[in-house]
Amino acid sequence: MKNLRLKYIRSKMGFTQKELANYLQEAKHLKISRGTIAKYESGVNFPSKRTLKALSKALEVSEDFLAGNGLQTEDIEDTLLNLLQKNFFISYSYSNSNNSTHNAIHHYLEYLEKENEPYNFYKDSNGDLNTVLVNTKFPRYKEIDNFWKNNFKFLFEDRKFETVK
């Protein structure tokens, strides 16, 4: 059985277990206690189909997502970061122009006036592209992940939780 994503959703909403229970009871007229939420989150209990449906409706998420099916946001972010990283740098050794995804990313960065900035993370102290890093296919690390997240925010926005509070 999959783990219910209730704790993940609750933390995105900024609620404690008690606050979530109060919110569900007062705003959504769904009688689920703090203790029940704790049991769901720890995996001790799993809601019935009826409760799962009501809870997903109250939290404005799909039943599948709440039930733990599919990818988590972190998995999706990691996939996007890998895709951006790979598609921008993979064609570097092939003349920088034969990959349409690379070109699209490059043109978007030009539009943002950050034409070569991704390469700056891989330059040596002389300002030249570090050939060791080029040969290791531009490794990912926190700063380069943040570069992609900051410049391509629209890919990482979690609109589902913007209005829920």
Side-chain angles (χ1 to χ4, degrees), residues 1-17 19-20 23-24 27-28 37 40-41 43 47 52-124 127-165:
M1 183 179 292
K2 304 258 184 204
N3 286 334
L4 197 66
R5 289 193 174 119
L6 188 58
K7 183 175 183 176
Y8 170 78
I9 295 167
R10 178 177 58 78
S11 68
K12 284 286 192 180
M13 295 172 76
F15 288 152
T16 64
Q17 290 176 343
E19 290 169 336
L20 179 60
Y23 168 77
L24 291 171
K28 300 296 182 171
I37 290 171
Y40 288 163
E41 287 184 1
L52 183 68
K53 184 176 184 171
L55 194 55
S56 69
K57 185 177 179 182
L59 297 172
E60 300 178 21
V61 297
S62 72
E63 290 177 51
D64 276 344
F65 181 81
L66 180 59
N69 299 324
L71 294 172
Q72 297 234 21
T73 301
E74 294 80 17
D75 299 330
I76 295 168
E77 281 190 3
D78 194 56
T79 301
L80 284 170
L81 288 167
N82 279 330
L83 186 69
L84 286 166
Q85 181 84 347
K86 178 182 173 198
N87 280 295
F88 188 78
F89 292 110
I90 192 96
S91 63
Y92 177 77
S93 54
Y94 305 110
S95 80
N96 270 353
S97 63
N98 61 352
N99 180 303
S100 61
T101 308
H102 169 94
N103 288 334
I105 295 168
H106 181 77
H107 291 304
Y108 183 70
L109 290 171
E110 279 182 334
Y111 168 75
L112 296 175
E113 299 179 352
K114 296 175 190 250
E115 179 180 356
N116 296 310
E117 195 168 327
Y119 292 113
N120 292 337
F121 291 95
Y122 304 101
K123 290 184 177 178
D124 62 21
D128 298 321
L129 215 53
N130 186 327
T131 55
V132 173
L133 290 175
V134 172
N135 292 333
T136 60
K137 299 187 181 178
F138 297 98
R140 277 183 49 201
Y141 50 93
K142 189 175 184 175
E143 289 80 8
I144 194 71
D145 282 359
N146 288 337
F147 169 82
W148 294 119
K149 285 180 181 180
N150 291 333
N151 289 292
F152 293 82
K153 285 180 185 171
F154 61 93
L155 294 173
F156 298 94
E157 289 175 349
D158 192 357
R159 292 184 174 97
K160 193 59 166 173
F161 296 104
E162 282 181 353
T163 57
V164 178
K165 276 212 176 176

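Every heavy atom of this structure was used, including side-chain atoms; hydrogens, water molecules and symmetry mates were not.
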Distance col, row N150:CG vs L112:CG, nearest 0.5 angstrom, shows 11.0 Å

Quick check, are the ring centers of F121 and F89 under 6.0 angstrom apart? no

Over 12 foreign heavy atoms within 6.0 Å of OH, Y141: yes

Taking atom CD1 of I144 and atom CD of Q85, what is their separation to the nearest 0.5 Å? 5.5 Å

Is a donor from one side chain sitting under 3.5 angstrom from an acceptor on the other, for K149 and N146? no

Taking all non-hydrogen atoms of both residues into account, name the closest pair between A58 and L24 and its distance. CB-CD2, 3.8 Å

Report the distance from atom CD of E110 to atom CG of N103, rounding to the nearest 0.5 Å. 9.5 Å

Decide yes or no for L81 and F156: does some side-chain heavy atom of the first lie under 4.5 Å from some side-chain heavy atom of the second? yes

If we only count heavy atoms from C-beta on, is the L52 to Y40 side-chain gap below 4.5 Å? no

So, the side chain of Y122 versus the backbone of P139: is there a donor-acceptor pair under 3.5 Å, distance only? yes

Using a strict 4.0 Å threshold on nitrogen-to-oxygen distance, state whether K123 and D128 make a salt bridge. no

L55 and L6, any side-chain heavy atoms less than 4.5 Å apart: yes

Mind running side chain to side chain contact (heavy atoms under 4.5 Å, CB included) on L80 and F152 for me, showing each step along the way? CA-CA 10 Å; L80 284 170; F152 293 82; over 6 Å; no

From the list F147, Y108, Y119, ring pair (Phe, Tyr, Trp, His ring centres under 6.0 Å) partner of F88 resolves to Y119

Can you tell me how far the CG atom of L83 sits from the CH2 atom of W148, to the nearest 0.5 Å? 10.0 Å

Mind running side chain to side chain contact (heavy atoms under 4.5 Å, CB included) on L84 and L155 for me, showing each step along the way? CA-CA 10 Å; L84 286 166; L155 294 173; 4.1 Å; yes

Show your working on side chain to side chain contact (heavy atoms under 4.5 Å, CB included) between E19 and T16 and close with a plain yes or no. CA-CA 5 Å; E19 290 169 336; T16 64; 3.2 Å; yes

If only atom types and distance count, is the side chain of N69 paired as donor or acceptor with the main-chain N or O of F65 below 3.5 Å? no

Measuring only between side-chain heavy atoms, which start at C-beta, is L20 closer than 4.5 Å to I9? no

Given the rule in the salt bridge (Lys or Arg N to Asp or Glu O under 4.0 Å) test, do R5 and E41 qualify, once you have shown the distances and angles that lead to the verdict? CA-CA 7 Å; R5 289 193 174 119; E41 287 184 1; over 6 Å; no

Side-chain touch H102/H107, heavy atoms, less than 4.5 angstrom: no

With a 4.5 Å heavy-atom cut-off, do F138 and P118 have their side chains touching? no

Answer yes or no: does atom NZ of K7 have more than 12 heavy-atom neighbours from other residues, nucleotides or ligands under 6.0 Å? no

Answer yes or no: is there a side-chain heavy-atom contact under 4.5 Å between E117 and L109? no

So, taking the atom named CE in M13 and the one named CD in E60, what distance separates them when rounded to the nearest 0.5 Å? 8.0 Å

